[in-house]
Amino acid sequence: MTDPLLDSLNPRQHQAVTAGDGQILVLAGPGSGKTRVLTRRLAYLIERKNIPAYDIIAVTFTNKAAREMENRVVNMVQRSLEGIWLGTFHAMCARLLRREANYLPYKSNFVIFDADDQEALVKRAIRDLKIDEKTHRPAGVHAAISAAKNDLLLPADMPIRTYRDEVVARVYTRYQELLQTNNAVDFDDLLLLAARLLQEHPGVAEKYARRFQHVLVDEFQDTNLAQYELLKQLSSYHRNIFVVGDEDQSIYRWRGADYRNMQRFEKDFPQCEKILLEQNYRSTQNVLDAARQVIDRNRNRTPKHLFTEKGAGSKLIQFTAVDEVAEASFVVDTIQQYLASRRAVASDFAVMYRTNAQSRIIEEAFIHARIPYRLIGAQRFYGRREVKDMIAFLRLVENPADEVSLLRVIAVPPRGIGEKTISGLQAAAFRAGISAGEVLLDLGRKGPDSAYWAEIGRSAALLADFGSLLDQWQSLRDQISLISLFDRIIADVGYEPYINDMSEEGNDRWENVQELRRLAYDFQEKGLTEFLQNLALVSDQDTIPANGIEEPQDRSQGAVTLLTLHAAKGLEFNQVFIIGLDEGLLPHSRSRDDPEEMAEERRLFYVGMTRAKNQLYLLRAERRSSFGSWDYSEPSRFLQDISDDLMLVQGKRSVSRRDSRLDDMRWVTTGVSSTPRTVYKTTAALPESKYKPGMRVRSASFGEGLILESKIDSDGEETVDVHFESVGFKRLLASLANLEILS
DNA sequence: TCGCCAAGACTTTTT
DNA sequence: GTCTTGGCGA
């Protein structure tokens with residue numbers, strides 16, 4: 001008899017799924033069936049061990065992973081999953097905190113501030129304390145506060161060794177005060193507050209620890225101290241904790257993740273059972289061997305010997321392009337060749353890069369070649385102004401104390417409320433000891449009878465108008481549906497004509513608002529609070545369709561996926577291009593001086609490599625344009641770790657110089673012809689430029705300098721980039737500059 | 001108060 | 001080259 005739960009598992013997977021009670025540590029290499037083990041384990045506990053779903057907590061890092069697990073388990077078990085705690089760390093913590101809000105200085109309907117809100121609030125804290133914003137950048141201070149929170153440190157616990165530490169501690173203190181008055185928490189607080197709540201209230205900790213007979217954790221290598229502590233607390237009674245992870249895929253150090261939690265786990269639970277999953281079901285042996293050559297240089301890890309039954313497969317291909325445009329066109333040309341020969345469809349491909357900024361050139365190339373692509377991440381939807389505006393209106397209805405949202409929309413669209421009026425409102429709120437939102441509501445309800453009317457003076461009527469709108473929305477909130485509320489807000493403030501000026505961009509903006517409205521549809525039942533929490537906790541990862549399920553669409557061929565290496569974790573593609581294998585980019589220059597950071601760059605590359613099922617392309621460019629001039633770079637050190645027998649090195653494309661007339665031609669790849677040819681550029685037909693890089697020149701106005709670059713545009717006009725000793729970089733028209741050639 | 005323009009900063013990864 | 005910020009005029 002075959003058992004659908006245990007069917008087709010390899011011996012190691014089987015061992016993990018059916019492991020007994022206690023602490024289980026599964027070291028799962030890439031492509032080794034990690035998700036499968038986790039979902040089967042969950043199903044096994046419920047179905048075979050008769051553990052009520054209610055007594056289980058399973059945590060992941062992304063909503064997508066949680067959803068995927070849920071969907072799979074639902075299909076495997078007869079029983080209902082009702083009552084299970086299955087979700088992301090952040091969502092599970094939010095649930096815990098809302099339930100136990102009476103132990104906290106927050107109301108249970110607190111809002112969750114996203115990255116932008118957090119930075120705005122840090123900025124405000126810095127200004128409140130009259131600290132210089134230039135020397136203490138809000139982003140940097142926020143990063144320091146976030147790091148402290150991930151290490152479970154409150155402002156009072158901050159070690160102070162330098163003046164900077166002292167500044168950070170003060171801002172942190174003020175920042176927390178502001179969050180509290182806004183009835184808001186940030187991402188890190190969700191973890192920190194939950195962990196500390198359990199630490200400080202043994203009664204509460206025991207309640208949850210007794211309930212959760214089994215704790216399951218995905219991506220354990222990415223946990224930070226707060227998460228680790230939380231898991232320990234939750235599993236402290238039954239002591240059944242099942243974690244799955246891979247040190248080699250830990251890529252969130254900068255977010256406080258510590259892969260050594262894997263080792264800490266072994267120390268904290270010496271009797272734990274450790275299971276190694278090494279059989280890979282994704283990649284060819286060549287890809288695995290190359291990946292291993294890269295990752296084996298890291299220390300402090302459990303060596304793994306990934307193997308596959310797929311066979312060697314084809315060699316990796318390395319290509320050196322002359323610049324980032326040539327790099328992009330190699331990607332596009334190669335994909336077109338596959339598509340033309342019908343050996344692949346667009347969705348088989350992924351292009352991965354270290355920094356989001358690299359996506360633009362690639363995007364342009366895809367647009368020109370008319371290959372459909374989808375871009376993951378880069379805040380493209382939730383970061384949009386119009387989307388944030390609408391969310392801010394909704395958050396204000398939910399929680400008028402949310403001053404960040406209030407300030408965001410109080411003058412949107414412009415309604416005569418400016419800086420002065422706002423500071424008057426804030427001053428009145430401060431004196432009354434209540435939030436600005438409450439003052440606004442009072443003005444709206446009572447008009448001239450409000451105690452604040454006279455205090456604020458001239459502009460009180462304008463504030464009262466907006467306050468009255470807010471008041472109406474609040475009372476409508478429980479009477480009408482979420483969608484109706486949404487529409488009502490748009491109508492009341494005249495948002496549509498404000499953002500949609502009928503231009504193409506205006507239409508896009510309005511489309512985004514409509515998209516948000518569609519998202520609200522799914523929360524008609526669950527309500528505003530849930531909708532807002534969901535908006536705060538969705539990640540870009542969550543927009544990637546689940547494995548195997550293609551978007552219901554149009555282009556039956558799907559689209560090429562463009563994404564950062566970070567976003568690639570957990571995914572797989574037939575053909576993978578990793579671009580930008582240059583020193584300074586991958587590994588990134590910011591990791592240069594820190595061995596731990598460098599090791600993480602290596603892991604990041606490893607994660608990217610192991611996404612490839614069949615073919616892996618590694619690309620680099622000898623130079624890249626960075627605002628104005630060219631950056632030249634060496635090949636990434638990681639390339640040198642891959643042995644010659646695994647990799648084919650291809651010649652570079654011959655473009656000797658960037659020329660604006662070629663920019664138009666560059667993309668003229670022949671999409672219709674059956675053999676799309678690479679367009680090779682030559683310099684033969686070009687008019688000679690008078691000035692050449694490296695020449696020394698003298699200018700009447702700037703003195704002596706060195707030619708960095710020279711190009712001729714379509715009118716035959718020559719533009720030169722010169723570095724002058726006196727004034728540095730200048731871009732000049734050769735015909736006007738009258739440069740004298742010295743050498 | 002608001003919109004326009006110029007100068008300046010800016011590129012690491014994101015729940 | 002692009003996005004944000006701040007200053008200035010209407």
Side-chain angles (χ1 to χ4, degrees), chain A residues 59-66 87-94 112-116 118-119 123 133-134 137-139 142-143 146 149-150 185-192 218-219 222-224 226-227 250-257 324 352-361 364 376-379 382-383 385 410-422 458-459 462 498 533-543 563-569 580 584-592 594 597 600-601 603-605 607-608 624-631 663 731:
Chain A
V59 278
T60 63
F61 273 84
T62 65
N63 293 296
K64 182 186 159 248
T88 64
F89 270 102
H90 291 85
M92 296 300 96
C93 287
I112 299 164
F113 273 6
D114 69 18
D116 286 348
Q118 291 167 36
E119 206 174 307
K123 201 169 181 176
E133 267 176 78
K134 290 270 157 13
R137 288 270 157 68
H142 178 245
S146 174
K149 287 185 173 184
N150 289 327
V185 301
D186 66 17
F187 290 142
D188 304 315
D189 279 340
L190 289 169
L191 308 174
L192 171 98
D218 191 13
E219 307 276 17
D222 284 331
T223 50
N224 60 31
Q227 287 159 328
S250 172
I251 52 174
Y252 288 105
R253 198 179 110 89
W254 46 275
R255 217 165 70 190
E324 75 270 38
M352 301 174 187
Y353 35 81
R354 177 68 239 263
T355 67
N356 278 306
Q358 288 168 262
S359 72
R360 244 200 34 242
I361 304 280
E364 281 171 25
I376 307 295
Q379 284 256 310
Y382 296 104
R385 188 193 57 168
I410 194 167
V412 172
R415 52 173 70 85
I417 298 174
E419 208 179 322
K420 259 189 132 177
T421 309
I422 291 170
R458 211 154 40 94
S459 48
L462 292 167
Y498 169 65
Q533 165 162 328
N534 198 271
L535 290 175
L537 296 181
V538 288
S539 68
D540 295 321
Q541 310 277 303
D542 299 327
T543 65
L563 73 182
T564 61
L565 288 163
H566 282 89
K569 193 162 70 163
L585 206 47
L586 181 62
H588 198 272
S589 52
R590 294 179 80 126
S591 331
R592 198 181 42 206
D594 182 343
E597 290 280 309
E600 177 140 320
E601 295 290 308
R603 292 193 292 268
L604 193 52
F605 182 41
V607 166
R624 290 170 194 279
S625 63
S626 70
F627 69 103
S629 64
W630 291 103
D631 280 349
D663 279 342
R731 174 166 294 170

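In the text below, chain A, chain B and the rest are named by the order of the sequence lines, each starting its count at 1.
The aromatic ring of Trp254(A) is stacked on the base of dT13(B), with the two ring centres less than 5.5 Å apart and the planes inclined by under 30°.
We find the CD1-NE2 distance between Ile112(A) and His90(A) to be 9.0 Å, quoted to the nearest 0.5 Å. Annotation: the span from Asp189(A) atom CG to Lys149(A) atom NZ amounts to 3.5 Å, rounded to 0.5 Å.
Straight-line distance between the C1' atoms of dT5(C) and dT12(B): roughly 23 Å, to the nearest whole Å.
Taking atom CD1 of Ile410(A) as the reference point, atom C1' of dC2(B) lies 16 Å away to the nearest angstrom. Counting to the nearest Å, the P atom of dT14(B) and the NE2 atom of His142(A) are 16 Å from each other. Rounded to whole angstrom, the span from the CG atom of Leu604(A) across to the P atom of dT12(B) amounts to 14 Å. The distance from atom CG of Asn534(A) to atom P of dT15(B) is 13 Å, rounded to the nearest whole Å. The separation between Ile376(A) atom CD1 and dT12(B) atom C1' is 18 Å, rounded to whole Å.
With dT14(B), dC2(B), dT15(B) as the candidates, the nucleotide lying closest to the side chain of Phe187(A) is dT15(B). When the nucleotides dG3(B), dT12(B), dT15(B) are ranked by their closest atom to the side chain of Glu601(A), dT12(B) comes out on top. For Lys123(A), whose side chain is taken as the heavy atoms from C-beta onward, the closest listed nucleotide among dT13(B), dT11(B), dT5(C) is dT5(C). Picking from dT5(C), dT14(B), dT1(B) the nucleotide with the shortest atom distance to the side chain of Lys420(A) gives dT1(B). Of the candidate nucleotides dG3(B), dT12(B), dT5(C), dT12(B) has the atom nearest to the side chain of Arg354(A). Which of dT12(B), dC2(B), dT2(C) sits closest to the side chain of Thr355(A) comes down to dT12(B). Residue Arg590(A) places its side chain closer to dT11(B) than to any other of dC2(B), dT14(B), dT11(B).
Checking Ala411(A) against Asp188(A), the closest nucleotide of DNA chain B that is more toward the 5' end is the one next to Ala411(A).
Arg137(A) comes within 4.0 angstrom of sugar-phosphate atoms only, judged by non-hydrogen atoms across all strands, and of no base.
The two residues Asp114(A) and Phe187(A) make their nearest non-hydrogen contact at CA-CZ, 4.1 Å. Between Thr421(A) and Gly416(A), the shortest heavy-atom contact is OG1-O, 4.4 Å.
Within 3.5 Å, no donor on the side chain of His588(A) pairs with an acceptor on the base of dT12(B), nor the reverse.
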